Amino acid sequence: MTIGVLDSNVSFPHIIRSQAIITVDQLPDSRRAILLALKRQGPSTIAQLAYQLQLTGEAVRQQLLQLQREGWIESRVARGDERGRTGRPATRYNLTEAGDHLFPKSYDLLNVAVIDAVAEELGPDAAVRVLKRVCDDRVAVEGKTLQGIPLENKVEALKGLYASADPYMTSEKVDDGFLLVERNCPFFNTAMRRPALCSVSVNALTRLLGVRVERDETFQAGAGRCVFHIYANEPIDATKWEFTMEGELAKHEGT
């Protein structure tokens, strides 16, 4: 069972910054083999990897250097297990957090389960309070760098709302303000299942920009993007703004 308050036709609040999504299966065979080995057996030396993969030590070393440059593995000197040995301590390689994220995850299923559990156990009002808290946290983080700057500069800065230097978020000046266009939803699967969560994005942008914000296009409606319409001449009082589910927000006149 799902709670109706989270089933309205609005989308997920992309509030967690995220890197472009790729998987271990998309990598070249040699690098994938090393990552799979590290995932299965944990921290390993070049010699251990070379033996397991039937490669030369130099071949493994070159692949490890590339994987390190890409931020997917890290090296550590294993002094703790070298007692009694002489010579240089062994260097072991292990997956970084980014490297671990190359492997299959089911965050979207967990997100949906948590959202439903909050609504079912504590009630729809509690679910809305949780969304409000998430919105407050996002505003507190982003608002520190936006104080005292013109609206146009704020719009440019908020192209990084979902991901730092987000290559999929663009801005456009229009007659009545601006458009923020997001072409990549980092949490698309969750967004499609529990769309009301994008109320966080709309409310956060409204408070951060100090003007009315609405979505003209959505992923859920098949647009392949979200378009946030920023009405420059419709100011709001951010200090008195009350969190409101997107479906309950008053629409701009003429829309």
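Counting begins at 1 with the first residue of the sequence. Just so you know, these numbers come straight off a predicted model, no measurement behind them.
When the options Arg133, Lys132, Arg138 are evaluated for a salt bridge (Lys or Arg N to Asp or Glu O under 4.0 Å) with Asp136, the one that passes is Lys132. Paired with Arg215 under the rule side chain to side chain donor-acceptor pair (under 3.5 Å), one option of Glu182, Glu246, His229 passes, and it is Glu246. None of Leu205, Thr206, Ile230 except one satisfies the side chain to side chain contact (heavy atoms under 4.5 Å, CB included) rule with Val211; the exception is Ile230.
In this structure, the side chains of Leu146 and Leu158 come closer than 4.5 Å at one or more pairs of heavy atoms. Residues Leu35 and Ile73 have side chains in contact (heavy-atom distance under 4.5 Å, counting atoms from C-beta outward).
Rounding to the nearest 0.5 Å places CG of Asp137 at 11.5 Å from CD of Glu142.
Under a cut-off of 6.0 angstrom, the local environment of CD in Glu58 is crowded, with over 12 non-hydrogen atoms contributed by other residues, nucleotides or ligands.
Without hydrogens or angle criteria, Ser44 side chain to Gly42 main chain gives a donor-acceptor distance under 3.5 Å. With hydrogens and angles disregarded, no donor-acceptor distance shorter than 3.5 Å links the side chain of Gln62 to the backbone of Ala59. Although no hydrogens or angles enter the test, the distance criterion places no donor-acceptor pair under 3.5 Å between the side chain of Ser75 and the main chain of Arg92.
The six-membered or imidazole ring of Phe103 lies away from that of His101, with a centre-to-centre distance of 6.0 Å or more.
In this model, no donor atom of one side chain and acceptor atom of the other lie less than 3.5 Å apart for Gln48 and Gln41. Thr239 and Asp237 form a side-chain donor-acceptor contact under 3.5 Å, judged by distance and modelled atom types alone.
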